[in-house]
2 protein chains.
Amino acid sequence: MSDLLERLRGRGWRMTAQRRVVAEVLDGEHVHLTADEVHTRAVAKLPEISRATVYNTLGELVSLGEVLEVATDKRAKRYDPNAHRPHHHLVCAQCGAIRDVHPDGNPLADLPDSERFGFTVSDVEVTYRGICPTCAVAA
Amino acid sequence: MSDLLERLRGRGWRMTAQRRVVAEVLDGEHVHLTADEVHTRAVAKLPEISRATVYNTLGELVSLGEVLEVATDKRAKRYDPNAHRPHHHLVCAQCGAIRDVHPDGNPLADLPDSERFGFTVSDVEVTYRGICPTCAVAA
DNA sequence: GTCGCACATTAGACACCATCCAAATCAGGG
DNA sequence: CCCTGATTTGGATGGTGTCTAATGTGCGAC
Ligand SMILES: [Mn+2]
Ligand SMILES: [Mn+2]
Ligand SMILES: [Zn+2]
Ligand SMILES: [Zn+2]
């Protein structure tokens, strides 16, 4: 995701220590962190970073299409840096664990014109829910 | 939905003016109201009903499977009395208008075993997003 | 019809998530 | 190196939802 920093600089982003740190936190393994979790991890690298800046930066990354907001959790929004490979989510109803999934077929194609009511449909979000192996054993 | 009141009484629900009013608000045309919107409409019929009771009652209706919680909105949960006919939702990204839709196919079947990661998958929520005719004209 | 009590309702406090704000700071072009 | 507009900051504010202790009530038992 160091490409990310390049791309953003190209778009006129002023580069600050805070923004670099937020980008670092989102980089690497596929995560689905809440804003608060991002803040906690960012503080570990840059103790004085504020919550407001984390929210600001996440909001900008979302506007720029570099990060997705996902609402799998009925509590806080989660931020998904895997924005360039379309995918959906599988969520454990018990513990909240989230996995990226890639279903067969295209759900957009499954919505016939007669069910579009004149909308211009541009996007579809699919959330599978179930019980993960860990929680199944515990039950 | 007066059947609903019968069904609930049969399940040992104590019938109160407050619960009757909440059921009335959800009855009729297919709506997707937030808890606060339900409260506002309930107050019109029974001025002294409290927010807490609306939340309690909605929670009970959800537990009983008579109402669905939908997360189309990234802000407040919405309550869907159309719980007995499986369907999904089409949401206007601009104005938030929600329509029930019935896509072809079964999204659950589109999730291959190799993409289930050992989860017992029981449910899928599909949200289509786009621009409604009204907002398209206004643009 | 009355009584009693388990269940239901209430107001308001509280918790959590997110946004807003005005003042201080800073990145980076000139 | 300076200047200026963009960025950051702590704290206030707002929206959504839960909890609690006090009060009220539906409805089965009699
Ligand atoms: Mn993801
Ligand atoms: Mn619906
Ligand atoms: Zn789990
Ligand atoms: Zn619209």
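These numbers were taken from a predicted model, which means no experiment stands behind them. Lettering of chains follows the sequences in order, A, B, ..., and the numbering in each one begins at 1.
- Evaluation of the side-chain hydrogen bond (donor to acceptor under 3.5 Å, both in side chains) rule for A/R75 yields no partner, not counting sequence neighbours.
- Looking at A/R85 and A/D100, no side-chain N of the basic residue comes within less than 4.0 Å of a carboxylate O on the acidic one, giving no salt bridge.
- Evaluation of the side-chain hydrogen bond (donor to acceptor under 3.5 Å, both in side chains) rule for B/E69 yields no partner, not counting sequence neighbours.
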Under-3.5 Å N/O pairs linking protein and nucleotides 20-26 of chain C:
none

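- Sorted by first then second residue, the side-chain hydrogen bond (donor to acceptor under 3.5 Å, both in side chains) pairs that include residues 54-64 of chain B, not counting sequence neighbours, are B/R19-B/E60.
- Residues of residues 41-49 of chain B having a heavy atom closer than 4.0 Å to DNA chain C, listed by number: B/E48, B/I49.
- Of the two residues contacting DNA chain C, namely B/T57 and A/D36, the nearest-nucleotide position lying further toward the 5' end is that of B/T57.
- In 5' to 3' order, the nucleotides of DNA chain D bounding all contacts with chain A (an atom under 4.0 Å from a heavy atom) are D/dG5 to D/dG10.
- When each of B/W13 and A/V54 is assigned the nucleotide of DNA chain D with its nearest heavy atom, A/V54 is the one assigned upstream, toward the 5' end.
- No side-chain heavy atom of A/V70 sits less than 4.5 Å from a side-chain heavy atom of A/K77.
- At whole-Å resolution of the value, CD in A/E69 and C1' in C/dT19 are 13 Å apart.
- Identified under the salt bridge (charged side-chain N to carboxylate O under 4.0 Å, His left out) test for residues 121-134 of chain A, with sequence neighbours left out: A/E125-B/R129, A/R129-B/E125.
- Within the 4.5 Å cutoff, the side chain of A/P81 has heavy atoms near those of the A/V31 side chain.
- For A/R19, no side-chain nitrogen or oxygen approaches OP1 or OP2 of C/dA27 to under 4.0 Å.
- Partners of A/R9 according to the side-chain hydrogen bond (donor to acceptor under 3.5 Å, both in side chains) rule, which considers only residues two or more places apart in sequence or in another chain, do not exist here.
- Listed by first then second residue, pairs satisfying ring pair (Phe, Tyr, Trp, His ring centres under 6.0 Å) with a partner in residues 74-96 of chain A read A/H32-A/H89, A/H87-A/H89, not counting sequence neighbours.
- B/L68 and B/L26 are assigned to two separate hydrophobic clusters, defined by single-linkage of ILVMFWY side chains at heavy-atom distances under 4.5 Å.
- Per the geometry, NZ belonging to B/K77 stands 13 Å off C1' belonging to C/dC16, to the nearest Å.
- Here the side chains of B/R20 and B/T16 are not in contact, with every heavy-atom distance at 4.5 Å or above.
- The distance between atom CD of B/Q18 and atom C1' of C/dC7, rounded to the nearest whole Å, is 13 Å.
- For B/R99, the side-chain hydrogen bond (donor to acceptor under 3.5 Å, both in side chains) criterion is met by no residue, not counting sequence neighbours.
- Residues meeting the side-chain contact (heavy atoms from CB on, under 4.5 Å) test with B/R11, sequence neighbours left out: B/L64, B/E66.
- The bend of the helix from C/dG1-D/dC30 to C/dG30-D/dC1, defined by the angle between the axes of its first five and last five pairs, stands at 30° to the nearest 10°.
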